[in-house]
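Reading through the structure tokens given below for one structure.
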Amino acid sequence: MKCTRCKQKAVVALPSHNAGFCPSCYLEYFKRQVEKAIKAQNMFSFEDKILVAISGGKDSLALTLQLKELGYNVSGLHIDLNIPESSAEVRKTVEDFCTLQSIPLYVLEMKKEGLSIPEVKKRLSRPICSACGQIKRYHFNLFAKEKGFTVLATGHNLDDEVARLFANTLRWDIDYLSDQGPVLKEEQGFVKKVKPLYRLTEFETANYAFLKGINYSYKPCPFSKGASFTFYKKLIASLEQEQPGRKLNFYETFLKQGQKPFKLAASRKNSPLNACSRCGYPTSGEICGVCRIKELLAC
Amino acid sequence: MKVILQPEEKEIILPKIKSVRALLNKLNLYPTQALIIRNGELLTPDEKIYPKDTIIVRQITSRG
């Protein structure tokens with residue numbers, strides 16, 4: 001297979017774009033997709049102070065490196081979840097990466113916050129992935145606000161976004177559909193959140209990470225087995241195999257035609273958020289979700 | 001040929017596989033579900049592979 005741009009030998013084939021790329025043209029393609037996402041969704045500027053949520057997987061590390069190489073002001077925040085046979089290794093991967101790339105890194109340890117994930121898993125009756133996500137979002141937001149970051153960037157890719165959109169659509173969940181998109185504006189105690197990789201698939205970020213020599217953690221989280229999003233991703237992969245480009249089309253058409261009506265419907269239905277009576281975090285109830293988890297662990 | 005499956009780090013021997021596409025089919029994978037690596041280089045599905053090769057098949061699903 002030849003590179004679509006320069007006719008050298010291709011190393012990455014992208015059926016969704018009916019294209020193949022050599023290493024240097026692929027890196028150029030990847031960079032342009034990120035630039036296009038940032039510009040099209042007005043995500044941030046070179047004046048913004050950007051905090052990247054770094055999990056240690058290919059997506060967050062690829063995002064951090066690409067934003068740095070584009071000249072943005074980026075720092076990383078890693079959350080150590082205290083999961084045995086996983087967290088220590090992942091944390092070292094993130095620390096080594098940030099040292100190598102001279103990227104400022106902050107680390108928050110959930111054990112110190114009284115939220116060690118294995119303990120949360122033991123005590124909680126609902127799936128751990130949703131609680132873990134809630135705890136991470138809480139701390140990323142709080143940290144960004146406290147330290148004066150203007151934007152929080154995450155490595156969510158097109159597969160993540162499409163799996164979430166698919167799940168929300170299966171339930172016709174107005175609240176979640178109204179909130180879905182590559183940009184969440186700063187409001188009611190939440191920092192602006194952006195997903196600059198939303199035009200790129202997992203396969204594309206994996207190729208980028210490989211070609212840039214990024215040492216990333218590719219072992220799955222030991223607690224994520226059976227997660228519904230993983231199942232949806234498999235279904236969507238079959239669809240994409242039959243209809244290349246369907247994922248991006250599904251998501252972009254939602255952004256163009258579906259997002260606004262759901263936002264409008266949710267704004268009619270929902271009341272403004274309150275400050276959590278324990279920690280001050282924005283919540284629809286009296287106590288926020290993370291304080292409720294802490295309360296459960298304290299019993 | 002020797003095939004190393006990641007993230008499991010499991011080694012298997014697969015004889016009579018002549019292309020990346022055939023290897024992916026054998027492993028029940030779509031071409032966009034794994035990186036196929038030989039001698040530190042990425043391979044596209046149309047590439048030929050040989051009995052003396054060692055091939056890494058790295059599935060790309062997120063950590064969760």
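When each of A:Leu14, A:Thr205, A:Asp159, A:Asn207 is scored by its heavy-atom pairs under 4.5 Å with chain B, the top score falls to A:Asn207.
Only the side chain of A:Pro15 comes within contact range of chain B, with at least one heavy atom under 4.5 Å from a heavy atom of that chain. At a 4.5 Å heavy-atom cutoff, A:Phe223 makes no contact with chain B through either its backbone or its side chain. If you measure heavy-atom distances from B:Ile37 to chain A, the contacts under 4.5 Å come from the side chain alone. When heavy atoms are compared at a cutoff of 4.5 Å, B:Glu8 does not approach chain A at all.
With a 4.5 Å cut-off on side-chain heavy atoms, B:Glu47 and A:Lys9 count as touching. A 4.5 Å side-chain heavy-atom check between A:Gln241 and B:Pro31 finds at least one atom pair inside the cut-off.
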Inset, instruction - In sequence, state the C-alpha distance, the side-chain angles, and the governing distance for A:Glu240 and B:Tyr30, and then conclude on side-chain contact (heavy atoms from CB on, under 4.5 Å). - result: CA-CA 10 Å; A:Glu240 181 74 10; B:Tyr30 297 132; over 6 Å; no
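The line from CZ of A:Phe203 to CD of B:Gln59 is 12.5 Å long, rounded to the nearest 0.5 Å. Separation of atoms OG1 (B:Thr32) and CD (A:Glu202) is listed at 10.0 Å; rounding is to 0.5 Å.
The minimum heavy-atom distance between B:Asp46 and A:Met1, with the atom names listed, is OD2-N, 2.6 Å. Between B:Leu42 and A:Val12 the shortest heavy-atom distance is CD1-CG2, 4.1 Å. In plain terms, the two heavy atoms of A:Ala206 and B:Leu35 that are nearest each other are O-CD1, 3.7 Å.
Within a 6.0 Å sphere centred on CD of B:Glu41, heavy atoms belonging to other residues, nucleotides or ligands number 12 at most.
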